[in-house]
Amino acid sequence: MTGTKDREYIDLRSDTVTRPTRAMRRAMSEADVGDDVFGDDPTVIRLQQTAAETLQTEAALFLPSGTQSNLCALLSHCQRGEEYIVGQTAHTYRMEAGGAAVMGSIQPQPLNFEPDGTLDLDLVAANIKPDDPHFAISRLLCLENTQNGKVLPMDYLADARRFADGHGLKLHLDGARVFNAAVELDVPVWEISRHFDSVSVCLSKGLCAPVGSVLCGSGEFIRTAHRWRKMLGGGMRQAGVLASACILALTEQVDHLKRDHMNAAVLAEHLGSIDGLEIRYDGNQTNMIFAAVETGLLPTLMKEMKTRGVLIHGFGDTVRLVTHHDFNADQIDLVVDAFKKFFQSPQQSAAG
Ligand SMILES: *Cc1c(COP(=O)(O)O)cnc(C)c1O
């Protein structure tokens, strides 16, 4: 539920709307803190160790957001005039204000994602630039897992690693929701992270922390990223207050993601019977449901659903519903009813 003074809403806009758990609030109020810019905040140190152990990397770095974490990674892997190969709709390319180009003069080479969220490695190969002064230097391949809620297959990750090694590319994972992928595949997250040179993980989405991401990689990589973080204004002082919640995100919240995926599957099934909503919830989906609606209908739908107590998000003619910790199975019927009422009501045709 998302509360305002006036009203409580069922909020399916994103898993970022999750509130810190009671345990997190308690941990935050009691957190041991220092000054993390001096490197002596014990709770930040503990978070970074926990993240590195969990993903089985040499080191990890705490950052205020996934955007800054991805940017630090790109800046650490690529020099000015180098390029990274990335999905056309990938968050790093599309949703981060072009930071890699602005801050690093790093050229993106966007390619269309395959329907399963992978990048076709033959297509990537065809887009790696030859060593020739006409071209930028291809340096990095960036994948996303989950990609729009879709889990990348494990054998694809192994292929991507071999591919990157074969072509002298580094491999970064925007793993904002990598724990959703791990839980869905029922593997420890290090089985995913071990294929990458660096992984960025959001703790403030389905894992409920109020703020925070971790970037994981080798010791040398993290030392480089640390300098970029400082330059980008991400050096925080008594950051242990936040890190204490982030530790619980890693240690207490991961298993809850299973329930979010189950709720999404049930919700998708129930919504599937509604005329007017064309549900897309494929086998490798996790906590996101997409539904195509009639052209131009989305703004009316969003407004009407809000009056019925349900917040939804969308773009173009597609609705996106995201299940998360603060959405319960007993709210599924309420959401389905709200959609049903909308599509049965005459207002719907007025949107035309
Ligand atoms: C949310 C998200 C990010 C960025 O995280 P912020 O903390 O919102 O900056 C990066 N990549 C993906 C795939 C995301 O969903």
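- The shortest distance between side-chain heavy atoms of V214 and L61 does not fall below 4.5 Å.
- The existence of a salt bridge linking D159 and R162 is confirmed by a sub-4.0 Å separation between a basic side-chain nitrogen and an acidic carboxylate oxygen.
- Here R308 pairs with E304 in a salt bridge; the nearest charged N to carboxylate O distance falls below 4.0 Å.
- Just one residue in the list L141, V124, V86 forms a side chain to side chain contact (heavy atoms under 4.5 Å, CB included) with L111, and that residue is V124.
- Here the closest heavy-atom approach between residue A182 and residue P188 is recorded as CB-C, 4.4 Å.
- Paired with S138 under the rule side-chain hydrogen bond (donor to acceptor under 3.5 Å, both in side chains), one option of E82, E83, Q109, K129 passes, and it is E83.
- Side-chain contact of S198 with H172: a donor-acceptor pair under 3.5 Å is present, judged by distance alone.
- In this structure, the side chain of D15 does not engage the main chain of H324 through any donor-acceptor pair within 3.5 Å.
- Between the side chains of H313 and S14, not a single donor N or O lies within less than 3.5 Å of an accepting N or O.
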Determine, stepwise, if the pair R177 / D260 fulfils salt bridge (Lys or Arg N to Asp or Glu O under 4.0 Å).
CA-CA 13 Å; R177 296 186 179 84; D260 301 343; over 6 Å; no

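- Using a 4.5 Å cut-off on side-chain heavy atoms (C-beta onward), Q88 and F113 make no contact.
- Within the 4.5 Å cutoff, side-chain heavy atoms of F342 are placed close to those of L297.
- Using a cut-off of 4.0 Å between Lys/Arg side-chain N and Asp/Glu carboxylate O, R229 and D36 are scored as salt-bridged.
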Applying salt bridge (Lys or Arg N to Asp or Glu O under 4.0 Å) to D275 and K340, what does each step give before you reach the verdict?
CA-CA 9 Å; D275 276 343; K340 274 192 181 147; over 6 Å; no

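- H261 and N180 form a side-chain donor-acceptor contact under 3.5 Å, judged by distance and modelled atom types alone.
- By the 4.5 Å heavy-atom criterion applied to side chains, M236 and V37 are not counted as neighbours.
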